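From a predicted model like this one, the values you see are computed outputs, not experimental measurements. Order of the sequence lines sets the chain letters (A, B, ...), proteins ahead of strands, with each chain counted from 1.
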Amino acid sequence: MYAIIDCNSFYASCERVFAPHLRNKPVVVLSNNDGCVIARTSEAKKLGIPMGAEYFKYKEYMEKNNIKVFSSNYPLYADMSERMINTISEIVPEIEVYSIDEAFAKLSGLPEKDYRKIGLEIKNRVYKYTGLPVSVGIAPAKTLAKVANFYAKRYPKFSNVLVLDNPTTIDQALGLLDVSEIWGIGYRYSKFLKNNNIKSALDLKNAPEAWIKKHLKVTGLRTQKELKGVSCIPLETVQPDKKQILVSRSFKNAVTDINEMKKAVSTFITIAALKMRKQHSNASILGVFVNSGRFAQARRPSEDCFKTAVLQTPSNNTFELIKIACNLVDSIFYSGYKYKKAGVFFSGLCPESGVQFSFFDTFDRDKFSKVVKTIDFLNDKYGKNTVLFAVQGEQIKLSTQEMLSPEYTTKWSDIIEVS
DNA sequence: TCTGGGGTCCTAGGACCC
DNA sequence: TCTGGGGTCCTAGGACCC
């Protein structure tokens, strides 16, 4: 038996933990640059705020209806996520952290056999310890657990915990579920399935396997088997290393100057390279892209400008990577255009310990790796951006966040005094 | 004026090997 | 009409997830 534990309106719920007067009040959280809505409490949903709603279009309506608006505060959410995961793993040791607000758990093998009781214990303890409201779905396969969670979250009579473990109840639940709600069935497939008269999850479960394999490939077949109660997607208890790392941002104000672009790209590199070092990987391919954004009038003919460099020696050294990235910017940046977005991309990741060195290497790896280690140490001890690279300029503001909550749980200056 | 940011897996087809 | 048979690696593109 598997459980999926999922926090309701996660980002908005995190904000509410530190603003108790907003309990039962409508709250939304915005994306970077305060662009659009990415989290809504049930009260905000009831007032008709759609997912992805453009803030500028709904601002007035939100003010009129007393909807509290927050800019996104990722350090806060990451910290709350960790607390949630720690609490869950006290009760169920075998868990897979699936996303910032979700975890799968294996329930078979626990001394307690009353699955509903386990679910309620998880829900109550997470709320008591962290203040976060979670829903728990429990079933013989991950996909079915997701179905159970869907109902647990929406129907008050289940008190946020639902166990689906007998065939009749499972078929009932699947019969009432739109095929597009199934985990693994996205926009394209659900449209295709509906055209072929497969409308509910139960229809999908009962469709011919060969036909599913042909049109939805093996992943679709796995989903179908899971709906039949055959577990095909195992629990991944160890988080595999990232195979690619991407850092990108939209700019509040379009970038037109190449040096401004280099500042931004260098900052993306420092973020991405730090991610690589944390998982002890080196990249063999570095990519940079710039573009005018989806809504631009004047775009370069190729629209997106993307260029990669292959590194003779895989690296995670910020000094070296910034230099290469800036050269790539030189080759893809055209003045006269307004760039709204840019990003960097690392792939061909390999373990730091298994790097093949080049005979003709000119970069002093030993020396610069010591410098980078020292920078990481200082930024870890005294807060990020304590030490910057000169090309980054004074710390650039990557995004606008007008309604940011304080970093209640992580802000360094509140914890230590730097003299 | 204003529209997010990360990821993964699978398949088909081309280039190449013997 | 017919054309050998069996492989691997890489990439682009399409699907999905949060």
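The aromatic rings of A/Y155 and A/F158 stand perpendicular to each other, their planes meeting at an angle above 60°, with 30° marking the opposite boundary. Under the 30°/60° scheme for interplanar angles, the aromatic rings of A/F368 and A/F363 are found to lie parallel.
A/N8 and A/S13 are not linked by any side-chain donor-acceptor pair at a separation below 3.5 angstrom, with hydrogens and angles left out of the test. Looking at A/T130 and A/R125, their side chains never bring a donor and an acceptor atom within 3.5 Å of each other. A donor-acceptor contact under 3.5 angstrom links the side chains of A/N197 and A/K199, judged on distance only. Side-chain contact annotation: A/Q392 with A/S266, donor-acceptor N/O pair under 3.5 Å absent.
Geometrically, A/K340 does not engage A/F251 in a cation-pi contact, judged by NZ or CZ lying under 6.0 Å from the ring centre and within 45° of the ring axis.
Nucleotides of DNA chain B nearest to A/Y11 and A/K217 differ in position, and the one nearer the 5' end is that of A/Y11.
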Distance-only donor-acceptor pairs under 3.5 Å for side chains of residues 48-58 of chain A, two or more places apart:
unit_1	atom_1	unit_2	atom_2	d
A/E54	OE2	A/K57	NZ	3.3

Can you give the donor-acceptor pairs under 3.5 Å from side chains of residues 234-246 of chain A to other protein atoms, not counting sequence neighbours?
unit_1	atom_1	unit_2	atom_2	d
A/Q239	NE2	A/V97	O	3.1

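By the side-chain hydrogen bond (donor to acceptor under 3.5 Å, both in side chains) test, A/E15 pairs with A/Y77, A/S405, sequence neighbours left out. Under the side-chain hydrogen bond (donor to acceptor under 3.5 Å, both in side chains) criterion, A/K217 pairs with no residue, sequence neighbours left out. Scored by the side-chain hydrogen bond (donor to acceptor under 3.5 Å, both in side chains) test, A/E82 finds no partners at all (sequence neighbours excluded).
A/E96 has no carboxylate O lying under 4.0 Å from a charged side-chain N of A/K106, or vice versa, which leaves the two without a salt bridge. A salt bridge is defined here as a Lys NZ or Arg NE, NH1 or NH2 lying under 4.0 Å from an Asp or Glu carboxylate O, and A/D34 with A/K252 fails to meet this definition.
Looking at residues 133-148 of chain A, you'll see that no heavy atom sits under 4.0 Å from any atom of DNA chain B. Listed by residue number, there are no residues of residues 34-67 of chain A with a heavy-atom contact under 4.0 Å to DNA chain C. For residues 221-248 of chain A, proximity to DNA chain B is found at A/R222, A/K242, A/K243, A/Q244, A/I245, A/L246, A/V247, A/S248, defined as any non-hydrogen atom under 4.0 angstrom from a strand atom. For the segment residues 87-107 of chain A, the set of residues with a heavy atom within less than 4.0 Å of an atom of DNA chain C comprises A/Y98, A/S99, A/D101, A/E102, in numerical order. Within residues 179-194 of chain A, the residues that have a heavy atom under 4.0 Å from DNA chain C are, in order of number, A/I182, A/W183, A/G184, A/I185, A/G186, A/Y187, A/R188, A/Y189.
At least one side-chain heavy atom of A/Q279 sits less than 4.5 Å from a side-chain heavy atom of A/L349.
More than 12 heavy atoms of other residues, nucleotides or ligands lie within 6.0 Å of CZ in A/F192, so this atom counts as buried by the packing criterion. Heavy-atom neighbours of A/R23 CZ from other residues, nucleotides or ligands within 6.0 Å: at or below the threshold of 12.
A centroid separation of 6.0 Å or more is found between the aromatic rings of A/F70 and A/Y11. Residues A/Y2 and A/W183 keep their aromatic ring centres 6.0 Å or farther apart.
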- Report the secondary structure of DNA chain B in dot-bracket form, marking unpaired bases with a dot and bases paired to a different strand with |, and treating Watson-Crick or G-U pairs with both distances under 3.5 Å as paired. ....||||||||||||||

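When atom types are taken as modelled, the side chain of A/S31 and the backbone of A/C36 share a donor-acceptor pair closer than 3.5 angstrom.
Bracketed by its first and final contacts, the part of DNA chain C lying under 4.0 Å from non-hydrogen atoms of chain A reaches from C/dA15 to C/dC18 in 5' to 3' order.
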